[in-house]
Amino acid sequence: MFPDKFLSLAVNREDKETLARVLDLAEVAKQSHRPQVTDFYDPCRCAMIARAVGYIPDLAVAVDGGYPAAERSRVLISPDYVDPGNADAGLDFLDVRGNFRFKTVTHRDYLGALLGLGLRREKLGDILVGENGAQLIVAAEVAGFIKVGLTGVGRVRVTVQEISRAALKPPVRDYREIKVTVQSLRLDAVAACGFGLSRTKMAREIAAGKIYLNWRPCLNPSAPIRSGDMISARGRGRVAVEQTGGQTRKGRTNLLLHRYGLAR
């Protein structure tokens, strides 16, 4: 029914499984004339889904993670005559509160508590951690379960209540600007500059599977880097490639990088 190009966008088994589920949702959207929504995915996979659905006539997509800079979003698949702005992407927003004055909890603690309830990661969007608790963006179908089941995080008793989208407080993304030059736009060279490591040590990090390029694990140290790419290092944070271009007299390429805090 749909072009073979749809599944050709998959680069691994996980992508194929994701696109197979999306294909089922697309068929339902076409036959029922009602919008359908995916699970939460990272920006790379959301972009893949949007491109794939673009091959299907009479369908449109919208990506919604609750706020513009969300790192995990759901993709809304709907008939092209439906205004995506009026469709429901199936998001709910929860506020988690507890007495954290004597106990510091992290994003990992919140995620662990939620997964400990038996939830799948794909039903959970961004977790916005604050001083006195956190705000959760979750699939609407699991929000009620979380409100009842989440009673503690990091051994601290918590309460959960629903809030509006407008009440979200997205984090301010602090970063350090890095201006460097590299001999070539390879992953190992750019990542080494961004994270302040030697190229040899970065090569070992890449070989160990600790480096992600655009939210995908990358084992190729010579993978080409372009403006707009995001490089993540497990336990070290993220580096956004803001600008590339311009040659020095010695033939090296100028780079502008933004290094963010620990990856979530």
Side-chain angles (χ1 to χ4, degrees), residues 6 9-10 14-15 17-30 32-56 58-96 107 110-111 114-115 119-130 134-147 150 160-173 214-216 228 230 232 238 240 260 263-264:
F6 188 96
L9 295 174
E14 188 176 357
D15 282 352
E17 293 173 351
T18 297
L19 288 180
R21 291 193 292 270
V22 171
L23 182 57
D24 290 340
L25 292 174
E27 291 176 338
V28 172
K30 284 182 73 75
S32 68
H33 303 283
R34 299 178 60 183
Q36 303 295 312
V37 66
T38 70
D39 286 332
F40 284 96
Y41 296 110
D42 62 48
C44 183
R45 190 151 283 131
C46 287
M48 177 190 70
I49 293 170
R51 184 180 176 190
V53 176
Y55 289 126
I56 304 175
D58 306 320
L59 288 182
V61 296
V63 178
D64 188 1
Y67 64 103
E71 295 185 0
R72 294 177 60 80
S73 301
R74 303 186 88 176
V75 181
L76 185 72
I77 304 170
S78 61
D80 58 7
Y81 55 81
V82 174
D83 181 1
N86 294 327
D88 182 6
L91 305 181
D92 266 8
F93 310 95
L94 304 176
D95 187 64
V96 182
H107 181 277
Y110 285 99
L111 180 58
L114 291 165
L115 296 180
L119 295 168
R120 292 192 297 116
R121 184 68 176 98
E122 292 79 9
K123 296 299 180 183
L124 306 173
D126 283 9
I127 300 173
L128 310 178
V129 180
Q135 294 178 328
L136 314 178
I137 303 170
V138 303
E141 58 267 29
V142 301
F145 178 73
I146 294 172
K147 285 193 289 184
L150 185 62
V160 184
Q161 64 179 5
E162 193 164 346
I163 58 175
S164 68
R165 182 190 294 254
L168 283 178
K169 298 178 181 178
V172 177
R173 300 190 67 191
N214 296 326
W215 292 273
R216 301 284 184 86
M230 180 70 77
S232 307
R238 292 179 179 152
Y260 296 91
R264 294 188 297 169

query = What pairs with N214 under side chain to side chain contact (heavy atoms under 4.5 Å, CB included), at least two apart in sequence or on another chain?
reply = D229, M230
Treating [X] as the side-chain partner and [Y] as the backbone partner, does any N or O pair qualify as donor plus acceptor under 3.5 Å?
X: R72; Y: R121; value: yes
X: D126; Y: L128; value: no
X: E162; Y: D92; value: no
X: Q135; Y: A167; value: yes

message = More than 12 heavy atoms of other residues, nucleotides or ligands under 6.0 Å from CZ of R34: yes or no?
response = no
inquiry  = Checking L124 against I146 for the side-chain contact (heavy atoms from CB on, under 4.5 Å) test, could you report, in this order, the C-alpha distance in whole Å, the side-chain angles of both residues, the deciding distance, and whether it holds?
reply    = CA-CA 11 Å; L124 306 173; I146 294 172; 4.2 Å; yes
What are the two closest non-hydrogen atoms of [X] and [Y], and how far apart are they?
X: G65; Y: A70; answer: O-CB, 3.5 Å
X: P35; Y: P79; answer: N-CD, 4.2 Å
X: I127; Y: A134; answer: CG2-CB, 4.4 Å
X: R120; Y: L115; answer: C-CD2, 4.2 Å
X: D88; Y: L76; answer: O-CD1, 3.4 Å
X: L94; Y: A143; answer: CD1-O, 4.1 Å

query = Would R45 and E122 pass as an ion pair if we require N to O under 4.0 Å?
reply = no
Atom pair [atom1] ([X]) and [atom2] ([Y]), whose distance is rounded to the nearest 0.5 Å:
X: T38; Y: R74; atom1: OG1; atom2: CZ; answer: 6.5 Å
X: D15; Y: Y41; atom1: CG; atom2: OH; answer: 10.0 Å
X: F40; Y: D64; atom1: CZ; atom2: CG; answer: 8.5 Å
X: R21; Y: Q36; atom1: CZ; atom2: CD; answer: 15.0 Å
X: L168; Y: L136; atom1: CG; atom2: CG; answer: 10.0 Å
X: L91; Y: Y67; atom1: CG; atom2: OH; answer: 12.0 Å

Measure the shortest side-chain to side-chain distance between [X] and [Y] over non-hydrogen atoms and say whether it is less than 4.5 angstrom.
X: I49; Y: V61; result: no
X: M48; Y: V22; result: no
X: V75; Y: L25; result: no
X: K123; Y: D39; result: yes

